[in-house]
Amino acid sequence: MRLWEARGLLRPTRAPGTNYRVYDEAELRAAQVVALLRRGAYPFEIIEAVLGELRTTGSAQRVRAELARREQDLHARSLRRLRGSAALHDYLHQRAHPVPPCDLVD
């Protein structure tokens with residue numbers, strides 16, 4: 001969380017006397033959003049944009065949009081990997097079990 005604060009993603013207040021970080025409800029929400037997006041390997045630039053909109057509008061629509069975009073991206077990548085695995089399987093199967101040439105008899 002200190003890294004996130006240093007990057008400007010979180011803005012906790014400081015307790016008088018102790019200088020401890022104090023996270024109000026809005027900052028706790030922001031921390032949850034940052035944690036969620038970082039688990040998804042989102043770059044800090046996108047997280048900054050999402051938090052900026054969240055703080056400006058109070059709407060989580062950008063968060064939902066980024067998560068939906070990521071879900072579509074993961075789905076597309078998964079399909080490409082499945083196709084690649086199927087092609088590799090077919091190739092290896094053909095190499096292991098070649099079809100003998102057919103002799104045509106008149």
Side-chain angles (χ1 to χ4, degrees):
M1 290 181 74
R2 289 181 187 147
L3 170 66
W4 299 345
E5 181 185 1
R7 293 196 67 112
L9 299 174
L10 299 179
R11 303 173 188 160
T13 58
R14 297 293 181 153
T18 63
N19 209 29
Y20 289 155
R21 292 171 181 83
V22 178
Y23 295 89
D24 62 13
E25 192 135 345
E27 286 306 301
L28 286 175
R29 181 178 171 192
Q32 290 171 335
V33 169
V34 173
L36 175 70
L37 295 176
R38 287 302 296 156
R39 272 194 302 262
Y42 281 84
F44 284 112
E45 295 76 26
I46 290 178
I47 296 172
E48 289 167 358
V50 167
L51 287 178
E53 186 167 321
L54 188 62
R55 287 184 173 120
T56 303
T57 66
S59 170
Q61 187 166 346
R62 176 77 186 262
V63 176
R64 287 188 213 101
E66 288 295 338
L67 291 174
R69 186 187 62 73
R70 175 65 69 152
E71 182 180 10
Q72 290 172 350
D73 184 46
L74 288 173
H75 180 72
R77 270 195 274 166
S78 295
L79 287 176
R80 285 193 303 272
R81 288 178 180 159
L82 283 171
R83 286 186 197 112
S85 294
L88 177 61
H89 175 269
D90 290 345
Y91 172 77
L92 293 175
H93 182 75
Q94 288 172 4
R95 299 274 297 168
H97 308 287
V99 177
C102 180
D103 290 332
L104 296 176
V105 179
D106 291 313

Taken in chain and number order and not counting sequence neighbours, the residues that satisfy ring-ring contact (aromatic ring centres under 6.0 Å, His included) with His75 are none
Rounded to the nearest 0.5 angstrom, the OG-CZ distance for Ser85 and Arg80 is 13.0 Å
Evaluate whether atom CZ of Arg95 has more than 12 neighbouring non-hydrogen atoms of other residues, nucleotides or ligands under 6.0 angstrom away.
no
The reported gap from CD in Glu27 to CD in Glu5 (rounded to nearest 0.5 angstrom) is 9.0 Å
(Q) Working note: Asp73 + Arg69, criterion salt bridge (Lys or Arg N to Asp or Glu O under 4.0 Å); need CA distance, chi angles, decisive distance, verdict. (A) CA-CA 6 Å; Asp73 184 46; Arg69 186 187 62 73; 5.3 Å; no
> Between Arg29 and Asp24, is any pair of side-chain heavy atoms under 4.5 Å apart?
Replying inline: no
Check your understanding: Looking at side-chain heavy atoms only, is the closest gap between Leu3 and Phe44 below 4.5 Å?
Key -> yes
Between Leu9 and Arg55 the two heavy atoms that sit nearest each other are O-NH2, 2.7 Å
(Q) Is any side-chain heavy atom of Leu67 closer than 4.5 Å to one of Leu37? (A) yes
All heavy atoms of Pro12 vs all of Tyr23, minimum pair found to be CB-CE2, 3.6 Å
Hits for side-chain contact (heavy atoms from CB on, under 4.5 Å) against Arg2, two or more places apart or cross-chain, chain-then-number order -> Arg21
In short, Ile47 meets Tyr42 closest at the heavy-atom pair CD1-O, 3.8 Å
Of all heavy-atom pairs linking Ala31 and Met1, the shortest is CB-CE, 4.1 Å
| request: Answer yes or no: is there a side-chain heavy-atom contact under 4.5 Å between Arg14 and Val22? | output: no
